Amino acid sequence: MKTVTLRQLRHRWGLYLLILPALALIGIFEYYPAISAGYHSFYRWNGDDISEYVGWKNFIDAFHDAVFGKSFYLVSILILANFVKMVPSIITAVVIHRLTSERWRYYYRVLFVIPMIIPDMVWLLIWKYFYNPRSAP
């Protein structure tokens, strides 16, 4: 493992300036909204001005709400459905990966990739014709 010395870091300080725009955007669009939501969750808030501090009352009210409980049930069903949906894809990928014959591996890849590519190509051609009717074949 190669170690980086402080002298090497000082030598390339300009490269680290390139990270600053990305860090600023992450801070503005990821961290600030999360922190603001945490702050506003402890207040009675109408979206415009903060009227009064209510503490944990908003959380207590949410956990006593019947719709909130049903939403957890619905999300658990969606997560379970996602796992069930992933199983055939993972099994197919493992089968293709473990095939010993390069010929059969190629055929399986073609069988699974072409149905994914053809609809996108059709949409591309439809939209191309939509924006430029003279480009029709």
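From a predicted model like this one, the values you see are computed outputs, not experimental measurements. Numbers for residues simply follow the sequence, beginning at 1.
Two different hydrophobic clusters hold Val94 and Leu99 under the rule that ILVMFWY side chains link at heavy-atom gaps under 4.5 Å. Hydrophobic clustering, with ILVMFWY side chains joined whenever heavy atoms are under 4.5 angstrom apart, groups Phe59 together with Tyr53. Phe112 and Ile114 end up in the same hydrophobic cluster when Ile, Leu, Val, Met, Phe, Trp and Tyr side chains are linked at under 4.5 Å. Linking ILVMFWY residues whenever their side-chain heavy atoms come closer than 4.5 Å, directly or via other members, places Ile118 and Ile126 in the same cluster. Hydrophobic cluster membership differs between Trp45 and Val54, with clusters built from Ile, Leu, Val, Met, Phe, Trp and Tyr side chains linked at under 4.5 angstrom.
The distance from the CG atom of Leu18 to the OH atom of Tyr16 is 11.0 Å, given to the nearest 0.5 Å. Interatomic distance, OG1 of Thr92 versus CG of Leu111, reported as 11.0 Å (0.5 Å rounding). How far CZ of Arg109 is from CD of Glu102: 7.0 Å, rounded to the nearest 0.5 Å.
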- prompt: Does the pair Leu17 and Leu20 meet the rule for a side chain to side chain contact (heavy atoms under 4.5 Å, CB included), with working shown?
  reply: CA-CA 5 Å; Leu17 290 177; Leu20 290 179; 3.6 Å; yes
Extract all donor-acceptor atom pairs below 3.5 Å that involve side chains of residues 23-38 and protein atoms in other chains or at least two apart in sequence.
from: Ser36; atom 1: OG; to: His40; atom 2: ND1; distance (Å): 3.1

Residues 69-82 side chain polar contacts: donor-acceptor under 3.5 Å, at least two apart:
from: Ser71; atom 1: OG; to: Phe68; atom 2: O; distance (Å): 2.5
from: Ser76; atom 1: OG; to: Phe72; atom 2: O; distance (Å): 3.3
from: Ser76; atom 1: OG; to: Tyr73; atom 2: O; distance (Å): 2.6
from: Asn82; atom 1: OD1; to: Lys85; atom 2: NZ; distance (Å): 3.3

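Evaluated for a side-chain contact (heavy atoms from CB on, under 4.5 Å) with Tyr108, the options Ile96, Val113, Val95 yield exactly one hit, Ile96.
In this structure, His97 and Arg105 approach most closely via the heavy-atom pair O-NH2, 3.3 Å. The two residues Val110 and Pro115 have their closest heavy-atom pair at O-CD, 4.1 Å.
Residue Tyr131 belongs to a hydrophobic cluster whose other members are Trp123, Trp127, Phe130, with links defined by side-chain heavy atoms closer than 4.5 Å.
In Tyr43, the OH atom is crowded: over 12 heavy atoms of neighbouring residues, nucleotides or ligands sit closer than 6.0 Å.
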